[in-house]
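Presented below is the structure to which this report refers.
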Amino acid sequence: MFLRALGGVGLLHQLQSYTEPDEDECWTQEEVEAAAEVLRSDSAATDDDGEDVREDAERLQGLVFSYWHGAAESLHQAQSILASFPWLEDWSQRALWAKEEFLETLRAQVALFVESAGLLVAAAAATMERPRLSGEDPAFAVLGSSEKVSTALNALWRRWQRAAESSWVGSPARSYMSHYLVQDIRSNRKGHDEALAGAARLIDSWEAQARALAASADGKSTQQVSVRLPEATDETARGGRGGLLEGLDSWTQGVVATWVVGADWGRRTLTLDVPALVAERLHAPSSDVACEPPREEVNAIEPSRTPDDRPSSIRPGVFDDTPVFDRQPVTAEHIHALRTFTRSSDELYIVISASGGVEVLPLDVVERRLGQGWSGVLVAGASDLPESLIGTWAQTARSEPEASGSHWTGGCSDAHDLHFGEEFGGTDGERQTLRRTYFDAHRARNLRLLALTRGVHDLRTLDAGRERMLPLAVWEGTLASDRLDLAPFKQPGGDRWHRGSGLPLGPLAVAQIYTTNADPQTDGKGHSPLCRHARERGVAANDDLLTVTDLLARDDFDWCGKCGGYAVRRLTDTQVSFYRAAHRLHAITGQLDRGRSHDDADTVVSQLEELAAWQPIDEEGWYTSDSWRWHEAIRNLKRRVERARRHEIS
Ligand SMILES: [Zn+2]
Ligand SMILES: [Zn+2]
């Protein structure tokens, strides 16, 4: 369980990625230096061959940044996993070093693209107060009333400040912004050009002010700032790249690349040594990162991990492949760790406890029980079930022909047909599960889950909440959607066409019936857990569990007309076989009752003898009070056949 969790998107993967340059996408230090030089110069040059060197440089810049993002996120993942599995630290140390080294190489290359002077100007721009912008300036008359002019100028200012403070690029990159002021004015309109020129003048003055502020600030002395990066959203993390750094604006990225002096990527904490102006901007509420008080003393001893926020360590022997004999009880921390570090925990686990024996449970139920003091060991997850078993099963279940297709949809009405009752059986269950599994990749998984559900005493224990419910395809394989025909087991009486045969339920007595509501006193009709009215949710913890015996004993149920009110848990082979036998006997009784059997007496007698020999599959015989009633019913029928035969002869 555990090793696979580490293997997928987990630790092994993280440890192996971003340790060295990619073979397909590699570049040299010289290329990076040249590209940075091109981007630093203002010329939009083409080289001798007419290639757009600027475009190439930008492409390389994007690539270097994206690798830097990916490497940081990967190191973050690896270190945060290791924080919970500390016994793996030694083993993974070499890989971590390689990752750190590669990340540092990338950082240095990223820093080449970043202009630290530009970072200072941006920080200065961020500190600038909004200037007084007069609406009376005649240059902007084309915009309308002085109120409109003032609104437009203020909007331009905000736009400029946001752009200026969130990047390191110089003022030429922002000269285009003057156009925003006149974007709604036709360019041939009188006054348009004056307004445009006025906007450019304003922006120039703001740029100049920012540069002056940056120049007058003390750029030499620095201070340490400890910042915490925001957690990557699921979306960016799932993409495999990006994450932590990608979400930051380019100014913050530039600051990190330029001035980082220490990092605990596991905790997303960076120590930066920055000029005062930059520190001020980092501390501002608008900053992309949260500042923390410096914690150098802690850093010196152990990378920024204090005893109280150290994640409880997850010892081996729970999720790993330790021999079952040596397994350790699962704890809430284990489950939390499994959920946090893998996106692929199994839906069902085989667990063993002294109190409950061997059970199959969803992780949520295990977690809830742990809260109540339960103690148990995980034996295996659904995905641990031997491939030799599941693989073969998936093959045979797939190739099963649907020869007698009509039988599973409506069931077969001729009790003497070999397929009679098959729609309630397990083989039909497999078929339904596969039929409702729309992705090939899920076939084996759903069959694994189906196999695990089959030994569960009470399917209600599998309810892990709506979000984590078992796939509907698995429920279709576990429950039958057709209604049982219990006529053979009803008491004789009523009209001669619909009377029961009073046969014993035999192995069917304990067959399980699941319904959303079996109590007529409770509001609402009973539905099958597969019914659309029950939102096709599978069996839930608060469903009612009946047996076929209950079904037969009561007639006060209030069932849904669409689904019939309940779902039968799929019958065992013995139960299907007995269901068929009872219906055959019932059919023979019906023929005799109506006094017209199209089969001759010898055929009927031999059928009765065959039915008398019924016994549970894989057992030596059938000796219960039910078997006595079964044989009694057959003896009665035989006597009736003999009597009719004598009557015909005489
Ligand atoms: Zn048939
Ligand atoms: Zn219903």
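Every number for a ligand or one of its atoms is a count from 1 in the order of the listing.
A donor-acceptor contact shorter than 3.5 Å links the side chain of Y514 to the backbone of L459.
Applying the ring-ring contact (aromatic ring centres under 6.0 Å, His included) rule to pairs touching residues 440-468 yields F439-H442, sequence neighbours excluded.
Take F578 and apply the ring pair (Phe, Tyr, Trp, His ring centres under 6.0 Å) test, not counting sequence neighbours, and it matches W614, W622, W630. D364 is linked by a salt bridge (charged side-chain N to carboxylate O under 4.0 Å, His left out) to R339, R468, counting only residues two or more places apart in sequence or in another chain.
R640 CZ to I588 CD1: the interatomic distance, rounded to the nearest 0.5 Å, is 11.5 Å.
Between E476 and R435 there is no salt bridge, since none of the side-chain N atoms of the basic residue sits less than 4.0 Å from a carboxylate O of the acidic one.
Neighbouring protein atoms of the Zn ion (ligand 2) (N, O or S, distance under 2.8 Å, waters ignored): H527 ND1, C531 SG, C560 SG, C563 SG.
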